[in-house]
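Beneath this line is the structure, given in structure tokens, with notes to follow.
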Amino acid sequence: MELLYAMTTGVLTACGLYLTLRGRTFPVVVGLTLLSYAVNLFLFSMGGLTTDGPAIVSEGTNYADPLPQALVLTAIVIGFAMTAFVVILAMRARSEVGNDHVDGKKEDRE
Amino acid sequence: MMQHLIVFPVVLPLVAGILLLYQRQGLVRYKRAVSVAATVLLLLVATGLLRQAASDQVTYYALGDWQAPFGIVLVLDRLSALMLLVTAVLAVGAVVFACAGDDEKGSNFHGLFQWQLLGINGAFLTGDLFNLFVFFEVLLLASYALLLHGGGKARIQASVHYVVLNLAGSSLFLIAVGILYGATGTLNMADMAIRVAELPTEREGLVTAGALMLLVVFGLKAAILPLYFWLPKAYASAPAPVAALFAIMTKVGIYAILRVYSLLFGDTAGGLEALEQSWVWWLSLATLAAAGVGVMAARDLRLLVAYLVLVSVGTLLAGIGMRSPQAVSALLYYLIHTTLVTGGLFLLAEMISLQRGKAGTRLVKGRPMVQGAGLAMLFFVGAIAVAGVPPFSGAIGKALMLNAAEGTQRLWLWPLLLLTSLASLIALSRAGSTLFWRSHRGNISGSPLARRQWFGVIWLLSAAPLLVALAGPVSSYTQATADQLANPQVLIRTLLPNATGDAQ
């Protein structure tokens with residue numbers, strides 16, 4: 001499970017990073033979203049991966065660390081708000097500048 | 001009542017911001033009254049907290065009475081109290097200036113302004129690494145909206161860069177926090193300091209990676225060399241009161257570097273001690289050099305001031321890079337000076353552009369100004385202070401920095417700092433003579449400036465002579481702050497009285 005999990009996170013990060021480095025705002029927004037998904041997965045795994053463990057410390061030794069789950073929840077909420085904001089900003093930039101390049105250039109050699 | 005005072009700098013702007021959301025448009029007078037009253041109250045609270053912190057005691061506020069390391073704590077020591085006071089003083093100047101009419105160019109200015117203060121104050125007070133992330137997000141989200149206040153092509157362009165970069169930075173912040181949590185098992189910074197001191201060697205690499213990633217994030221906020229390219233454009237296109245408030249934003253990054261690395265990687269950290277030092281030192285020197293070039297090349301007054309912010313960032317980071325109590329004391333003195341004076345200069349640039357009409361802040365010949373004499377006097381004071389020429393505070397701040405350098409550090413810092421000061425001096429005198437002396441063609445037209453704008457600028461720029469007059473008490477306070485930072489055990493023992501291990 002660890003290997004699959006690590007590979008998923010890695011692929012998501014790589015795709016997010018690639019898209020973030022593109023020149024148009026839409027791929028950049030999608031890239032940032034992917035990056036935040038990867039970060040959420042990464043944060044979640046930081047308490048160690050457990051299966052069938054309750055998220056509270058009880059008598060049993062097998063429990064899931066509840067803190068990363070709380071952190072991920074916070075990160076999701078913040079990331080959601082930020083994505084909404086950046087989408088609106090990209091649309092405003094598109095209408096004000098007249099094109100969707102991140103630098104507002106008319107032409108580029110892509 | 002008194003023990004709840006620590007939470008006030010967070011709660012007060014939050015409540016004020018909510019009240020100010022009541023109507024999007026209209027009720028201008030009431031909104032201004034609420035916003036100014038809340039900011040002045042914040043100044044009083046910050047003064048009270050400073051007096052409390054000056055007793056050399058570290059006090060903390062456990063939210064919901066959940067004790068550290070499990071609950072979230074707000075920690076008040078000399079450093080955070082000082083930063084709170086500087087923020088409040090800056091905010092009073094900026095908000096009064098905004099009341100002259102800038103707040104009506106878009107909606108919800110005052111509410112967002114208060115929330116920006118909430119984020120900044122929270123970042124200065126929190127003792128928890130994840131909470132620091134949350135407050136960073138609060139201040140960033142407010143700053144995104146404030147940067148766009150009033151709209152316009154240049155602002156939207158600068159915002160796109162600023163927002164995208166900071167979103168990437170937030171992701172990196174979360175990764176770094178995750179790594180540090182995974183390696184140490186705690187998020188409370190005091191507790192983490194104890195865990196780092198007892199860290200098994202196989203986890204040192206993990207903690208180093210996490211810590212250096214944090215440095216990238218804080219460096220992005222502080223605008224250190226490879227990460228500063230967003231700053232000049234964003235600051236130059238922001239509305240004046242917002243740009244003035246942004247003068248503290250780079251200092252949030254510097255505060256975070258100072259706090260996190262002096263606490264976590266102090267002299268108990270063993271092999272990880274001072275792991276950020278060489279990075280910060282060399283990059284700060286490079287930032288200084290680049291900022292000096294930028295100052296000389298700027299063809300617009302706002303852009304010039306934005307590069308002056310970068311000069312101050314380089315100087316402050318060099319102080320962190322030296323990592324001695326003397327250097328930290330010098331950098332804190334310089335930080336008070338540079339925050340208030342560059343904030344004042346942003347406001348002054350706006351006033352100059354209002355009087356010049358079409359020429360704006362571009363450094364070209366234009367028509368003479370109605371109130372040219374008054375503006376020229378203020379510009380003179382601000383320019384002398386920020387370039388570091390006696391008799392104002394910049395000179396003392398830079399002298400303290402130069403004095404704090406030791407051995408080979410002098411070899412690098414002295415020429416670079418003095419040359420960038422010279423570059424600032426040349427650029428500012430060129431700007432001043434173009435704006436005030438060579439602009440005499442055409443007729444004087446335009447209306448005089450609002451009294452609130454004059455108040456805002458004079459309020460901030462009066463820091464330059466005042467910091468000289470009060471140099472004795474201020475520098476003894478910063479010296480004590482540096483000593484407190486160099487000895488984080490006091491903070492750790494206050495937060496975690498039952499902690500065991502060799503950190504005690």
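Around atom CZ of A:Phe26, no more than 12 heavy atoms belonging to other residues, nucleotides or ligands sit under 6.0 Å away. More than 12 non-hydrogen atoms from other residues, nucleotides or ligands lie less than 6.0 angstrom from CZ of B:Phe135. Within 6.0 Å of atom CE in A:Met7, 12 or fewer heavy atoms from other residues, nucleotides or ligands are found, so the atom counts as exposed in its surroundings. Summarising the local packing, OH of A:Tyr5 is surrounded by more than 12 heavy atoms from other residues, nucleotides or ligands at distances under 6.0 Å.
Annotation: residues 137-153 of chain B contacts chain A through B:Glu137, B:Leu141, B:Tyr144, B:Ala145, B:Leu148, B:Gly151, B:Gly152, B:Lys153 [non-hydrogen atoms, separation under 4.5 Å]. Within residues 105-116 of chain B, no residue approaches chain A closer than 4.5 Å by heavy atoms.
Interface remark: B:Val163 contributes side-chain atoms only to the contact with chain A (heavy atom separation under 4.5 Å).
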Tell me which donor-acceptor pairs under 3.5 Å the side chains of residues 66-94 of chain A have, and how far apart each pair is, sequence neighbours excluded?
{"unit_1": "A:Thr74", "atom_1": "OG1", "unit_2": "A:Ala70", "atom_2": "O", "d": "2.9"}
{"unit_1": "A:Thr83", "atom_1": "OG1", "unit_2": "A:Gly79", "atom_2": "O", "d": "2.6"}
{"unit_1": "A:Arg94", "atom_1": "NH1", "unit_2": "A:Gly98", "atom_2": "O", "d": "3.4"}

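Note: B:Leu174 CG to A:Met46 CE = 12.0 Å, rounded to the nearest 0.5 Å. Of the inter-residue distances, the one linking B:Arg155 atom CZ with A:Glu96 atom CD reads 11.0 Å to the nearest 0.5 angstrom. To the nearest 0.5 Å, the span separating CG on B:Leu167 from CG on A:Leu35 amounts to 9.5 Å.
At a threshold of 4.5 Å between non-hydrogen side-chain atoms, the residues B:His161 and A:Asp103 count as touching.
Taking each heavy atom of B:Ile179 and A:Phe42 in turn, the nearest pair found is CG1-CZ, 3.6 Å.
Taking chain A as the reference chain and counting heavy-atom pairs below 4.5 Å, the highest number among B:Gly182, B:Ser159, B:Ser170, B:Gly178 is found for B:Gly178.
Of the candidates A:Val28, A:Val29, A:Thr25, B:Val164 forms a side chain to side chain contact (heavy atoms under 4.5 Å, CB included) with just one, namely A:Val28.
Applying the ring-ring contact (aromatic ring centres under 6.0 Å, His included) definition to pairs two or more places apart or across chains, those involving residues 165-195 of chain B are B:Phe133-B:Phe173, B:Phe136-B:Phe173, B:Phe173-B:Phe218.
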